[in-house]
Amino acid sequence: MSTESTTIAPGDAPASPPHRYDARLAGEIERRWQDRWAAEGTFHAPNPGEPGSEKPKAYVMDMFPYPSGAGLHVGHPLGFIGTDVLGRYLRMTGHNVLHPMGFDSFGLPAEQYAVQTGTHPRTTTEANIARYKQQLRQLGLAHDPRRSIATTDVTYYRWTQWIFLQIFESWYDTAADGARPIAELVSEFESGARPTPDGRPYGTLPEGERRALIDSYRLAYISEAPVNWCPGLGTVLANEEVTADGRSERGNYPVFRRNLKQWMMRITAYADRLAADLDRVDWPESVKAMQRNWIGRSEGARVRFPAPAGEIEVFTTRPDTLFGATYMVLAPEHPLVDRLTPAAWPEGTDERWTGGAATPAEAVAGYREAAARKSELDRQENKEKTGVFTGAFATNPVNGEEVPVFVADYVLMGYGTGAIMAVPAQDQRDWDFATAFGLPIVRTVDPGDRKGEAFTGDGPAINSANAEISLNGLGVTEAKRTIIDWLAAKGFGEGVVQYKLRDWLFSRQRYWGEPFPIVWDEHGPVGLPEDQLPVVLPDVDDYSPKTYDPDDANTEPEPPLSRAQEWVNVELDLGDGVRSYRRETNTMPQWAGSCWYYLRYLDPENSERFTGVEAEKYWIGKEPAISPVDPGGVDLYVGGVEHAVLHLLYSRFWHKVLFDLGHVTSEEPFRKLFNQGYIQAYAYTDSRGLYVPAEEVVEDDNGRFTWNGQPVNREYGKMGKSLKNVVTPDEMCDRYGADTFRLYEMYTGPMEASRPWSTRDVVGPQRFLQRVWRNLVDENTGAPRVTDVEPDADTLRALHKAIAGVREDYPALHYNTAAAKLIELNNHLTKEFPGGAPRSVAEPLVLMLAPLAPHISEELWNRLGHDATLAYESFPVADERYLVQETVEYPIQVNGKVRSRVTVPADADGAAVQAAALADEKIVAALAGAEPRKVIVVPGRLVNVVR
RNA sequence: GCCCCCGUAGCCCAAUCGGCAGAGGCAGCGGACUCAAAAUCCGCCCAGUGUGAGUUCGAGUCUCACCGGGGGCACCA
């Protein structure tokens, strides 16, 4: 009864052919080549002077990641793969390519984990970096492993501290329009070339005063500035760490605006250059626009209005409307308010102006208190104009009118002078206030038919003349120029440029950041000499800052380092004998390390200098051949648009300081910037609104989504653990291999486009690689199956068309279309050469595939008989002969609609094409004997007959 | 409220200077292979470009308005 059973038990199902390119074989190939690249140092980029550096260089770089505990998901490597493809292509076209990777490893999560568990942040950070490196390695990225840096490395942050000292020991010389060493400023004061503010000789000033004077010039300085103080977290926060309703993003604690002593960086000194030099870099217009907007350059005038308590200075962009200034407003915090306020209300004060208070002082105090209590949210949502009269008047300098002075919170202390001249006729905010308070409105620009609102457009000036000057009839631009000249001549004001940009709050009350290379004596901060660097973070028992009752605004930040008393109190000899100092206990913000890492990659082992002089010139020096105003910088910097302003602006600022001081030759850090899109993902919620595993959701025939049979809601957005829709590169490498994963990410769309992740679609790229493999390798034996047959003309045309196309697409970062062209070529091989591809086509195909799918390409190249890596092989070059067609098929349109086609020799001239078109029988029929009115022949494209 | 970007087959995406709307992939359908299925292979189907005007011999592409989506800024004088 027993028979040979042909039933195959599950588990040993007939395996696919032993040498089929599947996930298992891909994995084996990938690990083997990754090991070989590492062992041979394939991607080591030589520095100037080393063999290989004579080639043209290319510096391609990613925004480095923060190594979080969650590891990478499939969205993170998109840009990394994109730069890798470009780098590999450039290497094969004869470039010396630098493609490094590092880690932005200071940061809050490791510190918070330390607070919770007592684990040193360095332990967590290093474990996370190790995991990131492993995840990145499996993707086959051609980084130079010798140049990997982390901002938390002591050998790195030593130089972050050094750069801080450069900034601290400099001042901005507006005459020279650049930073200079502070020692030169001291010399100017000492010699008397530069007088002190009150004229006393510098040498006669007490030391404390001399120090304070010099400190007030430094590019890094201590300031008592309004900051976001969060007692619940025990730290000050950057603006972007505070939510719109005035709470901390992390922990949701109240945040208070408080004046606290903090380190600031004088980025405002560079506002003009930061704005102007945007014209010299190759960046997306949107990012340039955001930076310009952030810097907020506006041209206008300062005008002084005489008042009993002193002049009130205002900034206005519309000095042409001065004759329409009918009142003034000071910000509630304006220092002049108290002096202006008289003891009693003037006779006949409008009741709407007093806020119901008996005296001006009372009204002002009440209003200030109310304004301070208002949350950011109130101010944003409630734009109704409020304010009180100070009881004082000032004099409009153009017409001698007495105008009332108000306090109102729609004027901000932080912009301009904190005071405005109000011109209700030409400013809607002033119009609203004037209407609410019954103030006069005088039109000074002819508004045409517009009534009942401010007119902010251009038009002829009216009502704008005094005994000496008349603006009447002038347009806005002309009127501005005229009145500024008059104001300057009379000493009432002058034209100025104003910026929205503020100085950069640079200190944080945290543990896991760079310590400042600063100690304090009785007079203030002292920069440590270079030989005392690095200042190493001390070990502490408690990593948390002192926290307080979240609602208690009247508390002071106490950084974690301040408790390390034996570290804080030091005896040092800084040149005048051993003395006692206290170390600065704040740490730097996370932006510090990322401000200059692109410089350290150039020369990571340098222990004498932050980066090598020659290396800087070689990799990022100015290249006048690109443009006469080329500022230098990284050739391509790829990252997300979320860093459009802060990181990129801070980095540009530091770079310009280093340039001014002669430490670098380039003027910008990043010559070309590219924002990659995001991989997004669907997430699904059940009827209770809880997220369900996205992987398990299915779509039914009606297009509805269900999970375990129950209907679920689909949302589209980020990938995240809490959304239960994370897909990791590790999973993809296991299921398909890294090459398939790389190809999928590059193939689904152009680099700049955001797009949904779709695991289902990954089989497409996998099938393609499988087909390439099968065309070149026998799936049963693993032996190459290329032939030595001469390819036919069609095949050569297909090959060279692909080469020409791919050579255009790679450098333009159009990887999706490059891949399509390779698929097309491979499809041609599949169809025409079922017995194996001709070697003369197979080899260029492999080389062209290599940037996108490097492991399989290396393996194929090897099996085709080449021992060396293909990383330095020459990229195929198209032969023009195969790109020209012998004949061209012209579509023939009649009135723009295609009616027929004719095929003519490719070298036929316009007349011949026209003759052939008009002779076509369908066209003859369409014309029905009539003469065409016009015939348009577009060479190589089409013919359009107009009847 | 202001500014910027994007809307092309069921889905992801192509389309030089304005010149035949389709390169490629996914899904779907049919077939080959298989006892069967998976995998693999071959073939096929599918939109007139968000809407409405305008310029043009000709518009996905240029202009204007509107609709939808995304992003930035938001009392910055």
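Just so you know, these numbers use all the heavy atoms, side chains as well, and skip hydrogens, waters and symmetry mates. Here is how names work: the chains are called A, B, and so on, in the same order as the sequence lines, proteins then strands, and each is numbered from 1.
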Quiz prompt | Protein-nucleotide distance (A:Leu942, atom CG; B:rC17, atom C1'), rounded to Å | solution = 13 Å
Exercise. Rounded to whole angstrom, note down the P distance from B:rA21 over to B:rA37.
Key: 42 Å
Quiz item: Looking for any heavy atom pair under 4.0 Å, which part of the strands does A:Arg297 touch: base, sugar-phosphate only, or nothing?
Solution: nothing
Practice problem: Would you please classify the geometry between the A:Phe833 ring and the A:His828 ring as parallel, tilted or perpendicular, with 30° and 60° separating the classes? | Solution: tilted
Practice problem: Would you give a per-nucleotide map of nucleotides 55-63 of chain B, 5' to 3', where B means the base has a protein non-hydrogen atom under 4.0 Å away, S means only the sugar-phosphate does, and - means neither? | Solution: --BS-----
Exercise. Identify which one of A:Tyr815, A:Tyr736, A:Phe768 satisfies the side chain to side chain contact (heavy atoms under 4.5 Å, CB included) criterion when paired with A:Leu743.
Key: A:Phe768
Exercise. Using only heavy-atom distances, decide whether a donor-acceptor pair under 3.5 angstrom links the side-chain of A:Lys831 to the base of B:rC42.
Key: no
Exercise. Would you mind classifying the nucleic acid contact of A:Lys821 as base, sugar-phosphate or nothing, using non-hydrogen atoms under 4.0 angstrom?
Key: nothing
Exercise. Give the minimum heavy-atom separation between A:His19 and A:Leu25, together with the two atoms involved.
Key: O-CD2, 3.8 Å
Practice problem: Answer whether the closest heavy-atom distance between the side chains of A:Val935 and A:Val946 falls below 4.5 Å. | Solution: no
Quiz item: How many Å lie between CG on A:Asn827 and C1' on B:rA14, as a whole number?
Solution: 15 Å
Quiz item: How far, in whole Å, is B:rU56 from B:rG19 if one measures between their C1' atoms?
Solution: 12 Å
Quiz item: Start at the 5' end of RNA chain B and walk down; is the nucleotide closest to A:Arg20 or to A:Asp430 reached first?
Solution: A:Arg20
Practice problem: Determine the interatomic distance between C1' on B:rC67 and the same-named atom on B:rC26; round to the nearest Å. | Solution: 30 Å
Quiz item: Pick the nucleotide of RNA chain B nearest each of A:Ala819 and A:Gln498; which residue has the one closer to the 5' end?
Solution: A:Ala819
Quiz item: Taking only residues two or more places apart in sequence, or in another chain, which ones meet A:His334 in a ring-ring contact (aromatic ring centres under 6.0 Å, His included)?
Solution: none
Listed pairs, N/O of protein and of nucleotides 26-28 of chain B, under 3.5 Å:
| residue | atom | partner | partner atom | Å |
| --- | --- | --- | --- | --- |
| B:rC26 | OP1 | A:Arg767 | NH1 | 2.4 |
| B:rC26 | O2' | A:Asp761 | OD1 | 2.4 |

Self-check item: Nearest atoms (heavy-atom pairs only) where A:Ala394 meets A:Phe305
Solution: CB-CB, 4.1 Å
Quiz item: Distance between the P atoms of B:rA53 and B:rC12, in whole angstroms?
Solution: 27 Å
Quiz item: Name the one of A:Val442, A:Thr321, A:Thr435, A:Asp430 that satisfies side chain to side chain contact (heavy atoms under 4.5 Å, CB included) with A:Pro424?
Solution: A:Asp430
Practice problem: Hunt down the Watson-Crick or G-U wobble partner of B:rU40, both distances under 3.5 Å, from any strand shown, or write none. | Solution: B:rA32
Quiz item: Taking all non-hydrogen atoms of both residues, which atom of A:Glu494 and which atom of A:Ile484 are closest, and how far apart?
Solution: C-CG2, 4.4 Å
